[in-house]
2 protein chains.
Amino acid sequence: MPRRRHRTSLRTPQHTAPVFAALGDRTRLSLLTTLGQGAPQSIARLTKGSSLTRQAITKHLRVLENAGMVRGVRHGRETLFELDPAPLEAARRALDDISRQWDHALARLKSFLEE
Amino acid sequence: MPRRRHRTSLRTPQHTAPVFAALGDRTRLSLLTTLGQGAPQSIARLTKGSSLTRQAITKHLRVLENAGMVRGVRHGRETLFELDPAPLEAARRALDDISRQWDHALARLKSFLEE
DNA sequence: TTCATGTGCAACCTCCTGGTTGCATATTAG
DNA sequence: CTAATATGCAACCAGGAGGTTGCACATGAA
């Protein structure tokens, strides 16, 4: 008979924290949306239209790459960056878990009050 | 006839960046999961089981509160914190937007190659 | 009343982050 | 070959994040 889970050992997808941290910046969100268009783009190209320096954009791209959300491949003299949607979906599932848990809690409370 | 949207003016939900930033920390993710259980909890209660100080937990709760993901109500001598799922769902929608955009791009590419 | 409990506020510290500039290097264009 | 382009690397800087300690204060329990 499975013991009730202790309060401190909740199944929390804490491994997704770095992904959320990478998402928590306007510039990086913008880069992801641009790359979400499908076409791999070079750093110089991604820098155009931004008010930031190429180095700043490069740093943001490295952050995204370290979070596994983007992949950079050297192609000739330029590095093309492409989106990897897997971490995004993992993050979405993590959010769903919390929301679903919350909804279930509310439902239990409601049925308890109506009893 | 609607002009194709310019590349730099993509509809990016950049207002969700603060929410993602708030999510980008293990401790805060853990707090959210705990509060997702439904029961509002005091700071002292949330501190128990964590290796951090009460002040550290308080700071994290303030961050979550500033992001609108949590609401603290003073109740007697203790402050009870409760989850507000709205920002979570907004964040989930933002992630969905990017993923959907990516899927559509892939589908267009595929149908183009098969033509 | 007296004491323990639960918070809030402030100062302080260290480390990371976002950004810049400067320089070196590889690669493509003419 | 020579020049322009695209990138990488390193140093540097200001400010914010995460964490601690110390102290003051309100409130509930005995």
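Being a predicted model, the structure only gives us computed values, none of them experimental. Heavy atoms only: backbone and side chains are in, while hydrogens, waters and symmetry mates are out. Chain identifiers are assigned alphabetically (A, B, ...) following the order of the sequence lines, protein sequences preceding nucleic acid strands; residue numbering begins at 1 within each chain.
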Partners passing side-chain hydrogen bond (donor to acceptor under 3.5 Å, both in side chains) against B:Arg62 (at least two apart in sequence or in another chain): B:Glu65
Sequence neighbours excluded, which residues qualify as side-chain hydrogen bond (donor to acceptor under 3.5 Å, both in side chains) partners of A:Gln55? none
At their closest point, which heavy atom of [X] faces which heavy atom of [Y], and how far apart are they?
X	Y	result
A:Leu35	A:Phe81	CD2-O, 3.4 Å
B:Met69	B:Val19	CE-CG1, 3.9 Å
B:Pro87	B:Ala67	CG-O, 3.9 Å
A:Thr47	A:Thr53	CG2-C, 4.2 Å

Tell me: [atom1] of [X] to [atom2] of [N], nearest whole Å?
X	N	atom1	atom2	result
B:Asn66	D:dG18	CG	P	12 Å
A:Ile57	C:dT17	CD1	C1'	15 Å
A:Leu64	C:dG18	CG	C1'	13 Å
B:Lys48	C:dT5	NZ	C1'	11 Å
B:Lys59	D:dG16	NZ	C1'	11 Å
B:Leu61	D:dA17	CG	P	16 Å

Which residues pass the side chain to side chain contact (heavy atoms under 4.5 Å, CB included) test with B:Leu80, not counting sequence neighbours? B:Pro40, B:Ser42, B:His75, B:Glu78
With sequence neighbours left out, the residues meeting salt bridge (charged side-chain N to carboxylate O under 4.0 Å, His left out) with A:Glu82 are A:Arg71
Five-pair end axes of the helix from C:dT1-D:dA30 to C:dG30-D:dC1 and the angle they enclose, rounded to 10°: 30°
side-chain N/O A:His60 vs C:dT17 OP1/OP2, d < 4.0 Å: no
Of A:Ala21 and A:His75, whose closest DNA chain C nucleotide lies nearer the 5' terminus? A:Ala21
Taking only nitrogen or oxygen atoms into account, show me every contact under 3.5 Å that the protein makes with nucleotides 4-9 of chain D, one pair per line with its distance.
| residue | atom | partner | partner atom | Å |
| --- | --- | --- | --- | --- |
| D:dT5 | O2 | A:Arg77 | NH1 | 3.2 |
| D:dT7 | OP1 | A:Ile43 | N | 3.0 |
| D:dT7 | OP1 | A:Thr79 | N | 3.3 |
| D:dT7 | OP2 | A:Ala44 | N | 2.5 |
| D:dT7 | O3' | A:Thr79 | OG1 | 3.3 |
| D:dT7 | O4 | A:Arg54 | NH2 | 3.4 |
| D:dG8 | OP1 | A:Arg62 | NH2 | 2.7 |
| D:dG8 | OP1 | A:Thr79 | OG1 | 3.3 |
| D:dG8 | OP2 | A:Arg62 | NH2 | 3.1 |
| D:dG8 | N7 | A:Arg54 | NH1 | 3.2 |
| D:dG8 | O6 | A:Arg54 | NH2 | 3.0 |
| D:dG8 | O6 | A:Gln55 | NE2 | 3.4 |
| D:dC9 | N4 | A:Gln55 | OE1 | 2.9 |
| D:dC9 | N4 | A:Gln55 | NE2 | 3.2 |

Value rounded to 0.5 Å, distance of CG in A:Leu61 from CZ in A:Arg28: 10.0 Å
